[in-house]
Amino acid sequence: MDEKGISKDRVFKLLGDYKKKDMTHRSGKILGSMCTCPHEVGVKAYSMFLESNLGDPGLFQGTKALEDEVISMLGQLLGKRDICGHIITGGTEANIMAMRAARNLRRIKNPQIIVPRSAHFSFKKAADLLCMDLKEAELDENFCMDINSVMELISDNTVAVVGVAGTTELGKIDPIEELSEICHDKNIFLHIDAAFGGFSIPFLNEIGYDFPNFDFSLPGVCSITIDPHKMGLAPIPTGGILFREGNYLDAMSIETPYLTEDRQSTIVGTRTGASTAATWALMKYLGREGYQKVAGRCMELTYLLAQKIEETGFHLITEPQLNIINFQDDELSVWEIADILEDKGWAVSISSYPQAVRIIIMPHIKREHIEAFVQDLKSINRN
Ligand code: 0PR
């Protein structure tokens, strides 16, 4: 840092130069990311609450009331209004909190968690941080968690089973009704990672889709991750962790001397209230109808692109269940395809299992982006 400061104009000019090097969702060129352009209403709400710290909620009672309302609205969306939870930084923190609650409730030696092979890598972080063993259940022919494999892995040391509603790589929904039955029977904590699908599956069901239950309406489901900063259109960082009952939060609460609350269950201490304000504002502003439109449009564009990809001669790895498409080619490797697309300005990603070009149709993607992308796909010379 220099001794003397520089002018505001200079600061913002320099920042602008850096920002020009960033990609932007608005361009429609980012096709491999689960983030999106934050909605203007969320951005305005976020900027109104920049100084609000939910780590000391007694000082920010308005924001705390907003958080309570958001959690209750999310609970209503996910099958149980009177739930507990917090708005936090994202799916990683939510999954770590859920695993911590499950571990602390049992307090056994050598705790184990069972996740599908398709689970997000945040569970590996959780297992490492919490000194737990992570067992990966196999997937079935549709790339969903295989129930037989779960049954084989369950032992006296299993403190939690995880099912995913919208897997990171393929957008698949695990057989959560079956998982709920098994876990309820065996009294095992069941966590659902709906970081991606939580803000779309319920709305899609309201407009005629037919996804099975994955939420608190199932008696075995103890906690759910749902990320407003993915399909919820909130600015990053905005994640959500929901628990069926308060004792799950209590199981990991720590005494907080000198703060305006006695105990704290979140991992971070100082915690922005801006994410909560943004989520509240968006849920109020868009309503169910608004989110139905967003999720429905993403699915329509997903089907359109999937069809065009096949017409162009590439192969889908699997029928898309949510708004993620994965494809391969007979001749070119997925890396070669990604490189060619990158040269044309597109940022796709590559799924690891199975290996495929991975495209996520997030709310900022428009029909014209898809048309331009398909033109470039068609121009790929396979010889
Ligand atoms: N659970 C699921 C099912 C996820 O897909 C993700 C992240 C998480 C948990 C973790 O959420 P946070 O990243 O909010 O902690 N899924 C995306 C992914 O790994 C995150 C992402 C988004 C990565 C945009 C890159 C990117 O450009 O693909």
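Along the sequence shown, residues are numbered consecutively beginning with 1. We count ligands from 1, going down the list as the structure has it; atoms in each ligand are counted the same way.
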May I ask you to establish whether R117 and Y353 are in a cation-pi arrangement, using a distance under 6.0 Å from NZ or CZ to the six-membered ring centre and at most 45° from the ring axis?
yes

Is the NZ or CZ atom of K21 positioned over Y18's six-membered ring, under 6.0 angstrom from the centre and within 45° of the axis?
yes

Tell me whether T167 contacts the main-chain N or O of G171 through its side chain, where contact means a donor paired with an acceptor under 3.5 Å.
yes

Under 3.5 Å donor-acceptor, D174 side chain and M145 backbone
yes

Does [X] have a heavy atom less than 4.0 Å from any atom of ligand 1?
X: H229; result: yes
X: G166; result: yes
X: G239; result: no

Ligand 1-proximal atoms of T225, by part, heavy-atom distance under 4.0 Å:
neither

Under 4.0 Å, heavy-atom basis, I'd like to know which part of D227 is in contact with ligand 1: side chain, backbone, both or neither.
side chain

Salt bridge between D9 and K13, side-chain N to carboxylate O under 4.0 Å?
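Looking at D9 and K13, the cut-off is not met.
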
Looking at E311 and K378, does any basic side-chain N land under 4.0 Å from a carboxylate oxygen?
no

Element-labelled atoms of ligand 1 that are located less than 4.0 Å from some non-hydrogen atom of [X]:
X: M34; answer: 5 (O), 16 (N), 17 (C), 22 (C), 24 (C)
X: A195; answer: 1 (N), 2 (C), 9 (C)
X: C35; answer: 22 (C), 24 (C)
X: N95; answer: 1 (N), 9 (C)

Yes or no, since that's all I need: does a protein heavy atom fall within a distance strictly under 4.0 Å of atom 17 (C) of ligand 1?
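Yes; the ligand atom in question has protein heavy-atom contact below 4.0 Å.
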
Atom 23 (C) of ligand 1 within contact range, any protein heavy atom under 4.0 Å
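No, because not a single protein heavy atom sits under 4.0 Å from atom 23 (C) of ligand 1.
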
Where do Y248 and F189 land on the ring pair (Phe, Tyr, Trp, His ring centres under 6.0 Å) test, with the steps shown first?
CA-CA 10 Å; Y248 297 123; F189 189 105; 5.2 Å; yes

Out of curiosity, E206 CD to I201 CD1, how far, rounded to the nearest 0.5 Å?
12.5 Å

Can you tell me how far apart OG (S180) and CG (L218) are? Round to the nearest 0.5 Å.
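Rounded to the nearest 0.5 Å, the OG-CG separation comes to 4.5 Å.
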
Backbone or side chain, does any N or O of [X] fall under 3.5 Å from an N or O of ligand 1?
X: T168; result: yes
X: D193; result: yes
X: G32; result: no
X: R358; result: yes
X: T92; result: yes

What's the shortest heavy-atom distance between Y291 and M231, and which atoms?
CE2-O, 4.0 Å

Among protein heavy atoms, which sits nearest to [atom], and what does the distance come to when rounded to 0.1 Å?
atom: atom 20 (C) of ligand 1; result: K230 CE, 4.3 Å
atom: atom 26 (C) of ligand 1; result: S33 OG, 3.5 Å
atom: atom 6 (C) of ligand 1; result: H120 CD2, 3.3 Å

Linked, directly or transitively: I337 and W335 (ILVMFWY side chains, under 4.5 Å)
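Per the 4.5 Å side-chain linkage, I337 and W335 are co-clustered.
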
Yes or no on side chain to side chain donor-acceptor pair (under 3.5 Å) for S253 and R263, after CA distance, side-chain angles and deciding distance?
CA-CA 6 Å; S253 76; R263 305 189 71 83; 2.7 Å; yes

